[in-house]
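Treat the numbers as computed from the prediction; the structure is a model and nothing was measured.
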Amino acid sequence: MQPFPAGRAGAVLLVLAAAGSTQFGAAVAALLFPRVGPLGVVTLRLALSAAILLVLFRPRLSGRSAADWRLVAAFGLALGGMNTAFYAAIDRIPLGAAVTLELLGPLALSVVAARRWTSLVWAGLALTGVVLLGGGDVRVLDPLGVLFALVAAALWAAYIVLSARVGRRFARADGLALAMAVAAALSLPFGLAHAGGALLAPGTLAAGAAVAVLSSALPYSLEMAALRRLPAATFAVMMSLAPAIAALAGFLVLDQALGPVQLAAIALVALASAGAVRAAGPRGADAAPP
């Protein structure tokens, strides 16, 4: 029996569950910054995620074609680069600004991949809501931080496309597990150079395992399942739910006030996401770009 309903409703639940998991993981990751820095957190997140996924899925290595391995390598590069660039960005600019800039990648993808004019309307509404939500932080920003956020944006768009392709080519989450191992191997030298032995402290490893599950292993697996049911353009618009969910979590858990502008922004993002899912029709993931 499937834990989520089939079709578009199930895909929406998968995306919401992934976004919620990511926000809790981000909260834990913030606690680790003073201990091991951004690069150390990325290394812990990717290495422990790879270990968890490899143990759980035991992906088959033999019998893979050269095209399979090229796809895994590209997906691993996108995963590792996206995480590294984003953490480097939030080390230099406010989180709200970084998330807003990073979401330009998925929203641009939704415009490029859209096959109906209504999809462009939903992407525009989502962009408006995201800008309103993050506008309070977008002031005088460190240029290097902005550059890192824009690199993360481009790699997030690549991640969406590659995740859909890997999900169609590999059974279960085998492709994700292999790509995560590639990403972990690429990030390891930078994490060791930055944090050294601090990565192996028991408390740090425990917190890193929580970040790995909440921010990578679980949400990436859920997103890959969602991309089997939704077109990439629709999924990309739904990614704009991330800052809205973060804002609501701050209101509910941290008692952070939401003003009229923030509430209007959340309403716009929710409307755009619902409209994008409805506009996708029953075509499902088969409509995703090849």
Side-chain angles (χ1 to χ4, degrees), residues 17-57 59 72-93 95 98-99 102-103 105 145 148-149 151-153 155-156 158-160 162-163 166 173 175-224 239 242 245-246 249:
S21 180
T22 299
Q23 296 310 319
F24 280 104
V28 178
L31 299 176
L32 284 174
F33 268 47
R35 302 187 198 179
V36 295
L39 292 178
V41 173
V42 171
T43 295
L44 281 173
R45 174 177 170 174
L46 296 177
L48 293 173
S49 295
I52 292 167
L53 290 171
L54 290 172
V55 169
L56 283 178
F57 295 102
V72 162
F75 193 26
L77 282 169
L79 277 171
M82 176 180 69
N83 282 282
T84 301
F86 182 70
Y87 279 115
I90 64 175
D91 192 40
R92 292 169 172 82
I93 63 177
L95 178 61
V99 171
E102 191 188 26
L103 277 165
F148 278 129
V151 170
L155 290 171
W156 196 358
Y159 157 81
I160 292 172
L162 291 169
S163 182
V166 169
L176 174 62
L178 294 171
M180 194 69 75
V182 171
L186 292 173
S187 73
L188 190 59
F190 299 100
L192 289 175
H194 187 76
L199 292 172
L200 300 178
T204 300
L205 283 174
V211 172
V213 172
L214 292 171
S215 293
S216 292
L218 179 58
Y220 291 161
S221 298
L222 294 175
E223 288 171 3
M224 181 171 286
M239 288 297 94
I245 290 175

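Atom OH of Tyr87 sits about 5.0 Å away from atom OG of Ser215, to the nearest 0.5 Å. Of the inter-residue distances, the one linking Leu192 atom CG with Leu199 atom CG reads 6.0 Å to the nearest 0.5 angstrom. A distance of 13.0 Å separates CZ in Phe86 from CG in Leu155, rounded to the nearest 0.5 Å. The distance from atom CE of Met180 to atom OH of Tyr220, rounded to the nearest 0.5 Å, is 6.0 Å.
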Using the side chain to side chain contact (heavy atoms under 4.5 Å, CB included) rule, take Leu79 and Leu176 through it: C-alpha gap first, then chi angles, then the decisive distance, then the call.
CA-CA 10 Å; Leu79 277 171; Leu176 174 62; 4.1 Å; yes
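Using a 4.5 Å heavy-atom threshold, the side chains of Ser216 and Ile52 count as separate. Considering only heavy atoms from C-beta on, Pro59 comes within 4.5 Å of Leu54 through its side chain.
Applying the 6.0 Å contact sphere to CZ of Phe190 captures no more than 12 heavy atoms from other residues, nucleotides or ligands.
When all heavy atoms of Ser21 and Pro219 are compared, the pair lying nearest together is OG-CD, 3.7 Å. When all heavy atoms of Ala212 and Ser49 are compared, the pair lying nearest together is O-OG, 3.1 Å. Looking at every heavy atom in both residues, Ala73 comes nearest to Val182 through O-CG1, 4.3 Å. Annotation for Leu162 and Ala78: closest pair CD1-CB, 4.0 Å, computed over non-hydrogen atoms.
Between the Ser221 side chain and the Ala217 main chain, a donor and an acceptor come within less than 3.5 Å of each other.
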Return all side-chain donor-acceptor pairs below 3.5 angstrom for residues 29-42, not counting sequence neighbours, or 'none' if the list is empty.
none

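Exactly one of Leu46, Thr84, Thr43, Leu77 qualifies for a side-chain contact (heavy atoms from CB on, under 4.5 Å) with Leu186. That residue is Leu77.
With sequence neighbours excluded, the residues that form a side chain to side chain donor-acceptor pair (under 3.5 Å) with Tyr159 are Glu223.
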